[in-house]
Amino acid sequence: MTTYQRSAAPTPDSPPQPNRRRLRIPIGGAATAIVVATALLFLVSWLVEPQSVRHSSLLGMLPFAAVLAIVAVGQTLVVQQGGIDLSVPGMISLTVVIMTRYPNGDSGKLPMALVFAFGAALAAGVLTGLLVSRVGITAIVTTLGVNALLYGAVLQISGGTPRTTTEALHDFGSGRVLGIPTTVPIAVAITAIVAVAVKRTVAGRRFEGVGASNSGARAAGLVVRRYQLSAYVGATVLYCAAGVLLAGVVSTPSAFQGDSYLLPSVAAVVLGGTSLLGGRGSVAASAVAALFLSQLDQLLLTSGVSNAAQNLVEAGALVVGLAIYSVPWRRVRRSLQDRSPGRSAAVAPQ
Amino acid sequence: MRLGGKLRAALIVGAICALVVAGCGGDDSGDGGAASGKPVAGAPSWCGSKKITLALTDGFGANNWRRITRAEAADEAKKCPSVTEYKYADGQGNTQKAISDLKGMVAQGVNAVVVFPDAGKAMLPALRDSYKAGVVTVPYRVDPGGKAGEDYDYFISTDFKEAGKLWGEWLKKALPKGGNVINLGGPAANSQSLDEYAGMKEVLADRPDIKFIGQTPYHVTNWDPAETQKVVTAVLAKYPQIDAITTDFGAALASSFSAFDQAGRKIPAVATEDANVLACDWKKRQKDNPEFKLFTVDSQNWMSRTAVQFAVAKATGGQVPSSPVVPQKAFEDSLSKKPNPVTCDPSLSGDAFLSSHLTKDQIKAALAQ
């Protein structure tokens with residue numbers, strides 16, 4: 001996919017590329033691209049289906065966008081370490097079940113439920129992180145297994161049915177601050193904290209460095225597995241935070257409420273411009289991409305197109321996003337120019 | 001689960017012989033005729049005197065509907081003393097496991113098996129094997145294809161079109177001046193939601209003033225509360241006038257009432273399946289929101305009882321009930337209060353079904369498992 005980010009030496013059949021750096025889309029560029037795309041989407045929504053950007057519509061869409069944004073931030077951390085986290089559905093569902101089943105309508109038990117939920121998240125994160133970083137099992141296998149374990153816990157605790165959310169949690173989840181759903185400032189704050197931690201602290205820069213090149217980081221004296229472990233623990237805690245909010249937003253959740261977050265979380269990471277091969281990325285761009293995907297969903301629902309068309313458009317957006325970041329456009333253009341008639345005539349004698 | 005070929009064959013032969021002795025050979029056609037044998041005194045007429053082992057294999061057992069349905073089946077089996085042993089297996093949503101569960105039960109020598117064939121036609125070969133092995137085989141609710149009397153003994157079905165007709169008839173009363181109706185359904189192209197819509201269209205044919213707006217036959221919600229909330233937000237934004245909502249998952253709709261609050265809109269008339277949380281929400285909101293009229297059809301958890309009756313009757317030599325079709329029934333109506341007024345039980349959890357035939361304690365026990 002995005003081989004240009006990792007390939008160290010030019011391939012024998014390609015000319016030397018003194019300006020290779022330009023092939024990379026700088027992080028600022030990736031964030032700009034998704035911000036521009038999101039702004040355009042809102043403009044299109046306003047032109048095509050003005051109802052989809054009405055106040056009530058936005059109030060309905062934003063809490064889900066906020067939840068997805070937090071999940072996407074977590075997924076970005078894992079992807080930056082060259083992994084992928086398939087335990088998203090299990091962790092979110094487990095959190096929703098703990099947050100509704102344990103208090104069972106009694107808001108006074110919420111603090112304990114929070115302790116249990118985050119405790120479970122830490123345990124799952126440490127387990128995944130250790131299996132990937134110490135034992136060396138690939139992320140895709142480990143997280144798939146952990147997801148199954150988490151779903152086992154979901155069924156064990158809930159028997160398939162969580163309870164109705166407590167009033168306090170529902171009021172919090174569907175509440176507003178200055179007219180904005182409470183979940184939005186929370187998602188913004190979480191994204192900002194993680195973004196600053198990754199981009200502006202020494203540990204954060206090393207974290208990205210480890211993701212970009214394990215061997216390079218090891219040569220520089222960094223303990224690679226410690227950073228990998230932190231990615232999984234951080235991500236799982238973020239999924240848990242998202243699950244807590246989701247339990248508040250949806251007042252009668254199902255036991256499998258996390259199921260619909262796996263693909264969108266990866267899609268948000270891809271649209272945000274983070275390479276699926278690891279390394280540099282932007283959690284802020286992933287969060288914006290989560291807003292993009294949520295609004296796209298809302299626009300399609302409001303426009304009343306068929307379910308099939310909705311799926312096609314969403315898949316199309318993902319393909320375009322992938323293509324923008326993954327295809328080495330300069331190389332494509334050059335090869336097209338090479339094949340143009342004028343050029344081919346010029347090189348014909350050789 | 002697999003037993004040795006000889007042992008298995010012996011068991012199968014044994015089971016067939018036992019059935020022949022009881023006077024109800026496995027090749028009996030499923031015509032609903034009573035088998036010979038006398039009902040046990042003090043037990044229901046479908047309970048014959050021959051001692052049997054009964055099994056229930058579920059395609060998927062882990063949600064509130066299934067838990068209550070399973071408890072109803074167990075409760076019904078208890079009524080017949082001839083059922084000496086009752087076994088249960090949960091396919092956990094895995095077709096392979098559901099098939100091997102059923103085969104395992106046959107191998108263990110059960111005399112009758114009630115099957116929830118979630119996987120539909122994929123379950124047919126296993127059902128046929130069970131039937132051919134002489135085990136009384138009764139699938140219910142999900143159509144496995146095939147024919148009663150050839151592939152299994154009876155298929156206990158229900159007609160979701162009837163639920164749609166009940167909703168349609170009620171909409172006529174709830175919307176005397178006509179109005180706009182939004183229909184919400186499950187996953188795309190699922191037969192239940194399609195049948196319900198067809199039923200409504202049929203009875204509303206003479207009322208062109210009651211119009212379905214938005215997506216028809218239904219808005220896809222995947223029976224997921226979060227997705228339902230998104231869909232409701234979208235339709236509220238798009239349509240300034242919504243007079244009624246019909247849906248086959250009432251609890252998920254209750255979860256989206258906050259979308260109405262956010263949009264500053266009143267909840268309109270609702271026709272759906274019963275759910276405790278929905279009834280309790282109705283009680284809370286009816287004073288400030290009189291437009292919220294509510295009609296529910298029975299959630300039919302007790303359908304498993306009918307399946308048990310057929311299976312036990314045939315296997316024990318009791319009197320086989322007359323109809324394998326379970327009717328759709330109205331449960332709550334906030335307008336006529338018939339057959340029941342809206343019934344909320346705050347002592348039960350929101351995911352309880354009050355249309356269940358279990359006692360309150362049994363419901364609690366079933367959901368607490």
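Just so it is clear: chains get the letters A, B, ... in the order the sequence lines come, proteins before strands, and each one is counted from 1. These values consider heavy atoms only, across backbone and side chains, with no hydrogens, waters or symmetry-generated copies.
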Criterion side chain to side chain contact (heavy atoms under 4.5 Å, CB included) on Thr233(B) and Gln298(A), from CA distance to verdict = CA-CA 8 Å; Thr233(B) 302; Gln298(A) 195 67 24; 3.5 Å; yes
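- The main-chain N or O of Ala252(B) is never found under 3.5 Å from a side-chain atom of Thr252(A) such that the two would form a donor-acceptor pair.
- Note that OG of Ser254(A) and CG of Asp351(B) are 11.5 Å apart. Values are rounded to the nearest 0.5 Å.
- Judged by distance alone, the side chain of Glu227(B) and the main-chain N or O of Ser260(A) form no donor-acceptor pair under 3.5 Å.
- With a 4.5 angstrom heavy-atom cutoff, Val235(B) does not touch chain A via any of its atoms.
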Working for side chain to side chain contact (heavy atoms under 4.5 Å, CB included), residues Gln229(B) and Val249(A) | CA-CA 9 Å; Gln229(B) 204 162 324; Val249(A) 173; 3.8 Å; yes
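- Contact between Ala254(B) and Ser251(A) at its shortest, heavy atoms only, is O-OG, 4.2 Å.
- Expressed to the nearest 0.5 Å, how far CG of Leu301(A) lies from NZ of Lys230(B) amounts to 8.0 Å.
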Verdict with supporting geometry, Val305(A) and Gln215(B), side chain to side chain contact (heavy atoms under 4.5 Å, CB included) = CA-CA 8 Å; Val305(A) 295; Gln215(B) 280 185 42; 5.8 Å; no
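- With a 4.5 angstrom heavy-atom cutoff, His170(A) touches chain B only via side-chain atoms.
- Using a 4.5 Å cut-off between heavy atoms, Phe60(B) contacts chain A through its side chain alone, with no backbone atom that close.
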Are Ser349(B) and Thr164(A) close enough, and set up right, to give a side chain to side chain contact (heavy atoms under 4.5 Å, CB included), and what steps lead you there?
-> CA-CA 8 Å; Ser349(B) 60; Thr164(A) 309; over 6 Å; no
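- Here the CD-CG distance, from Gln257(A) to Asp224(B), works out to 4.5 Å after rounding to the nearest 0.5 Å.
- Heavy atoms of other residues, nucleotides or ligands lying less than 6.0 angstrom from NZ of Lys211(B) number 12 at most.
- Interface remark: Ser303(A) contributes backbone atoms only to the contact with chain B (heavy atom separation under 4.5 Å).
- Residue Leu312(A) qualifies as enclosed at atom CG: its count of foreign heavy atoms under 6.0 Å is above 12.
- Atom NZ in Lys238(B) sits 3.5 Å away from atom CD in Glu49(A) (nearest 0.5 Å).
- Looking at Asp259(A), neither its backbone nor its side chain comes within 4.5 Å of chain B, counting heavy atoms on both sides.
- Annotation: Glu291(B), atom CD; neighbour count of heavy atoms from other residues, nucleotides and ligands within 6.0 Å is above 12.
- In this structure, the portions of Ala226(B) lying under 4.5 Å from any heavy atom of chain A include both its backbone and its side chain.
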